[in-house]
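Structure, as structure tokens:
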Amino acid sequence: MSTSQSLTNSQLDYYRARATEYDTTFVPYMDPALPPVLDRLRAGNLTGDVLELASGTGYWTRHLSQLADRVTSLDGSAEMIAEASRHRLPNVSFRQQDLFAWTPDRSWDAVFFAHWLAHVPDDRFEAFWASVRRAVRPGGVVEFVDVTDHERRLEQRDDSEPDVAVRRTLEDGRSFRIVKVFRSPAELTERLTALGWSCRIDEVHPGFLYATCRPATA
Ligand code: SAH
């Protein structure tokens with residue numbers, strides 16, 4: 001069964017509404033796991049022209065901006081882009097883009113995304129990775145951060161689609177259904193290998209994985 005457009009629309013509506021309160025919860029959640037993630041992020045691959053997907057409030061964009069010559073950051077939410085723009089990063093350009101309707105019009109040396117892949121449902125997984133493939137230059141790299149099943153304990157269960165969706169509630173009490181698919185390093189490695197990627201994926205901190213992938217044929 002295909003994941004409904006209404007679920008991915010609700011997911012974007014949720015992030016649009018959460019943009020101004022995102023950092024209040026995300027920063028204390030992410031900061032304890034940050035050192036080993038930054039070790040991988042700074043390992044030397046994210047240089048030159050870097051594309052960031054689902055850039056949010058710019059938590060990672062600030063780091064990418066220091067490593068890369070130029071960063072292009074895409075997000076579906078203008079509200080998130082407004083938050084990220086407040087960092088005034090000189091070598092970053094933001095563009096609003098629905099990543100479920102995205103065909104890259106150029107390629108980059110490296111592609112990075114954090115806390116995005118778990119929001120890509122299984123029936124969009126292959127198409128998403130085909131777009132990523134087009135966005136990477138020959139010899140380029142894709143790196144991403146995500147959570148493992150360990151982090152499911154933090155989520156409100158969605159009884160109608162417990163394997164695909166969770167429920168999130170904002171400070172004002174509004175509640176939204178979003179996609180959240182927990183995939184282990186082993187499952188991701190297997191699925192991405194089948195799609196022609198060569199990946200190293202490690203749980204670098206309990207609940208947090210870091211992946212470094214290259215096209216296997218490049
Ligand atoms: N990478 C950031 C933000 C992750 S939150 C971080 O790690 O903090 C997920 C992000 O995906 C939000 O910024 C949200 O606006 C964006 N998003 C949700 N649905 C989207 C879609 N269909 N296309 C593009 N971006 C989307």
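Counting starts at 1 for both ligands and their atoms, following the listed order. Because the structure is predicted, anything quoted here is derived from the model rather than measured. The figures that follow rest on heavy atoms only: side chains count, while hydrogens, waters and symmetry mates do not.
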Please determine which of Phe100, Trp60, Phe144 meets the ring pair (Phe, Tyr, Trp, His ring centres under 6.0 Å) test together with Trp116.
-> Phe100
Phe125 and Leu192: side chain to side chain contact (heavy atoms under 4.5 Å, CB included), yes or no, with the steps?
-> CA-CA 10 Å; Phe125 191 88; Leu192 291 171; 4.0 Å; yes
Those atoms of ligand 1 less than 4.0 Å from some heavy atom in [X]:
X: Ser55; result: 2 (C)
X: Asp98; result: 21 (C), 22 (N), 23 (N)
X: Ser77; result: 15 (O)
X: Ala114; result: 1 (N), 2 (C), 4 (C), 7 (O)
X: Phe26; result: 7 (O), 8 (O)
X: Met80; result: 13 (O), 15 (O)
X: Phe100; result: 22 (N)

Inter- and intrachain pairs under salt bridge (Lys or Arg N to Asp or Glu O under 4.0 Å), touching residues 188-198, at least two apart | Asp122-Arg191, Glu187-Arg191
Could you check [atom] against the protein and tell me its nearest heavy-atom contact, residue, atom and distance included?
atom: atom 2 (C) of ligand 1; answer: Ala54 O, 3.3 Å
atom: atom 15 (O) of ligand 1; answer: Asp75 OD1, 2.7 Å
atom: atom 5 (S) of ligand 1; answer: Tyr15 CE2, 3.4 Å
atom: atom 23 (N) of ligand 1; answer: Leu99 N, 2.8 Å
atom: atom 25 (N) of ligand 1; answer: Gly76 N, 2.9 Å

Report the residues that fulfil side chain to side chain contact (heavy atoms under 4.5 Å, CB included) with Asn45, sequence neighbours left out, ordered by chain and then residue number.
-> Val141, Glu143, Thr212, Arg214
State whether a side-chain donor-acceptor pair under 3.5 Å links Arg177 with Ser10.
-> no
Looking only at side chains, do Arg18 and Tyr22 share a donor and an acceptor under 3.5 Å apart?
-> no
Give a yes/no verdict on a cation-pi contact between Arg133 and Trp129, requiring under 6.0 Å between NZ or CZ and the six-membered ring centre and an angle within 45° of the axis.
-> no
Is ligand 1 less than 4.0 angstrom away from at least one heavy atom of Thr8?
-> no
Does Gln97 come within less than 4.0 angstrom of ligand 1, counting non-hydrogen atoms of the residue?
-> yes
So, Glu155 and Arg168, do they make that salt bridge, N to O below 4.0 Å?
-> yes
Hey, looking at atom 8 (O) of ligand 1, which of Tyr22, Tyr59, Trp116, Phe112 has the closest heavy atom?
-> Tyr22
List the steps, then state whether side chain to side chain contact (heavy atoms under 4.5 Å, CB included) holds for Leu53 with Phe128.
-> CA-CA 11 Å; Leu53 304 178; Phe128 171 70; 3.8 Å; yes
Does ligand 1 have a heavy atom under 4.0 Å from the side chain of Trp60, from its backbone, from both, or from neither?
-> side chain
Quick one: closest heavy-atom pair of Asp109 and Thr47, and the distance?
-> CB-O, 3.6 Å
